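Structure first, commentary second.
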Amino acid sequence: MKTAVWLYLFMFVAIFDLHAQYPILTPFAVSLGATPSFIGLILGVYSITHLPGNLIAGYGVDRYGSKGFIVFSLIVAGIVLLIQSRVSDPWGLLVIRSISGFVLAFLSPACLSLLAKIAKNQIQQSKLMAGNGMVHTIASVLSPAAGAYLVSQLGFAKSFTFLGWGLILTGLLAWVGVKEQRSERPANAPIAEEHALPPASQENLPVSGHENVPWLFFVVPLALSCSQGILFFELPLMKEASSSIMTSGVFFSVISMGSLVTLSLLFLNRIFPFYRMLFGCLALAFIFFGMSVHWPLPLYASLFLIGMAKGVIFPAIASMLAALTRADRYGRVFSILSISYSIGAFIGPIVAGHTRTQVSPYFLAFLCLMLALSLLPSRSFAAPVRV
């Protein structure tokens, strides 16, 4: 488990740096003269350039292991942030964010693949994925407010420089700290049966065997990241947050605090991942619908509930894929998951940026999630496809 601790540390720093930019990127782009539609493009292009990186990582991690990709991703992303601190126009920021999206695309598949490989059974896999979610959430609780505070004290340029050096130092630590043993479990070896999900539960999962995942399953993470991209675009522009970067940072931290609550409920790990994902997505969809019609719930409460739903959904998706995939295919499957997240995160801000004056972005988030759930595959209408 020493490897897991190191991975959690690296993911914490990487997520901290990434989420620290959420409340400050939109004001930074505005300060450079970007329009709302161009800001949506800046936020979205970061995600779309994940795609080539995800494709390379998918096969590269399975063939060469995770360590090299983790080190490369952290160090180069840090260098890119140092360059971002010197950007002086919106087009320059667009180019830098494109490069940043590509290099950070390697990190998540590499870390998730290594976490899945070191688990000895499905229960341990679920716990490791929940632990990853916990680290992700703690970092995202602290980082938005910290990023906003850095900008208020140091300005944009020095803040990006500080975050960039943090990533570089973490990459150097990863080179020393990650001890990868690719033979921890044979590629075709099944997960320990005494801890596997009971047959009755496996019937409820939209898969067939431990080597197949229906392609339509990935519309759920795509829609989830699309709704999240819409939220990250719209939240800093709302009247409640537009008056102060610090207020925007606090809003993002409230979302993460909600996730932390559900991630702390360890008994949820024993509920079938499919059920956790399904009901979590339904809850998230209805929260977005409530926000779109201006329900009486305060904004802080709505954001907290969004975080609670996310804390249920993300670990459930990762647990499902880890339990239903062979060890020699973890890299490819988690890269497809990252691709789904990337496409959704690209579509969300761009659509919101072009339509926010005609329709509530939160209603679009609701529609995305409900459409994905309506397409969620089952054995009755979606045949499994090997990935």
Side-chain angles (χ1 to χ4, degrees), residues 112-113 115-116 119 121-134 136 190-228 259 262-263 265-287 306-327 329-330 332-334 336-341 344 366 368-387:
L112 287 175
S113 176
L115 277 177
N121 52 64
Q122 286 184 4
I123 297 297
Q124 191 176 59
Q125 273 185 345
S126 184
K127 290 180 179 178
L128 287 173
M129 294 304 171
N132 178 68
M134 181 74 75
H136 185 290
I191 300 173
E193 293 295 331
E194 65 270 18
H195 295 287
L197 291 175
S201 70
Q202 293 189 22
E203 293 177 359
N204 294 311
L205 297 173
V207 291
S208 176
H210 288 277
E211 301 178 23
N212 304 296
V213 180
W215 286 106
L216 276 177
F217 169 81
F218 293 100
V219 299
V220 174
L222 188 151
L224 181 63
S225 64
C226 183
S227 67
Q228 184 171 258
S259 298
T262 46
L263 286 168
L265 304 177
L266 300 181
F267 68 87
L268 292 177
N269 294 327
R270 295 191 171 273
I271 300 176
F272 305 149
F274 179 69
Y275 289 151
R276 282 186 274 152
M277 180 192 70
L278 178 62
F279 291 111
C281 287
L282 278 172
L284 184 60
F286 284 112
I287 295 167
I306 287 175
M308 290 185 69
K310 287 173 57 181
V312 172
I313 300 167
F314 281 103
I317 291 175
S319 295
M320 284 185 66
L321 292 179
L324 299 161
T325 307
R326 284 189 350 213
R329 294 179 178 269
Y330 282 146
R332 271 164 280 188
V333 168
F334 283 118
I336 294 172
L337 177 64
S338 294
I339 288 170
S340 302
Y341 286 143
F366 163 76
C368 285
L369 288 166
M370 294 305 295
L371 178 62
L373 290 176
S374 69
L375 295 174
L376 190 64
S378 66
R379 290 178 179 177
S380 62
F381 68 90
V385 178
R386 187 182 297 269
V387 296

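As the structure is a prediction and not an experimental result, all values here were calculated from the model.
Two residues are said to be in side-chain contact when any heavy atoms from C-beta on lie closer than 4.5 Å; Ile313 and Val220 fail this criterion. Inter-residue side-chain proximity for Leu282 and Met370 is flagged as met; some heavy-atom pair is nearer than 4.5 Å. For the pair Val219 and Leu376, the minimum side-chain heavy-atom distance is 4.5 Å or more. Ile317 has its side chain within reach of Leu224: a pair of non-hydrogen atoms, C-beta onward, lies under 4.5 Å apart.
Heavy atoms only, all atoms of each residue included: Ser319 and Pro273 are closest at CB-CG, 4.3 Å. Between Ala316 and Arg276, the closest heavy-atom pair is CB-CB, 3.7 Å.
A donor-acceptor distance shorter than 3.5 angstrom exists from the side chain of Ser259 to the backbone of Gly307, with no hydrogens or angles considered.
Going from atom CE of Met320 over to atom CG of Leu337 covers 11.0 Å, rounded to the nearest 0.5 Å. Here CD1 of Ile287 is found 11.5 Å from NZ of Lys310. Values are rounded to the nearest 0.5 Å. Separating the OG atom in Ser225 from the CD1 atom in Ile339 is a distance of 12.0 Å, to the nearest 0.5 Å. Considering CG of Leu371 and CZ of Phe366, their distance stands at 11.0 Å, rounded to 0.5 Å. Here CG of Leu369 is found 4.0 Å from OG of Ser227. Values are rounded to the nearest 0.5 Å.
Between Tyr341 and the choices Phe334, Phe314, Phe218, the ring pair (Phe, Tyr, Trp, His ring centres under 6.0 Å) rule is met once, by Phe314.
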Assess the residue pair Phe279 and Ile271 against the criterion (side chain to side chain contact (heavy atoms under 4.5 Å, CB included)); give the C-alpha distance rounded to whole Å, side-chain angles, the decisive distance to 0.1 Å, and a yes or no. CA-CA 11 Å; Phe279 291 111; Ile271 300 176; over 6 Å; no
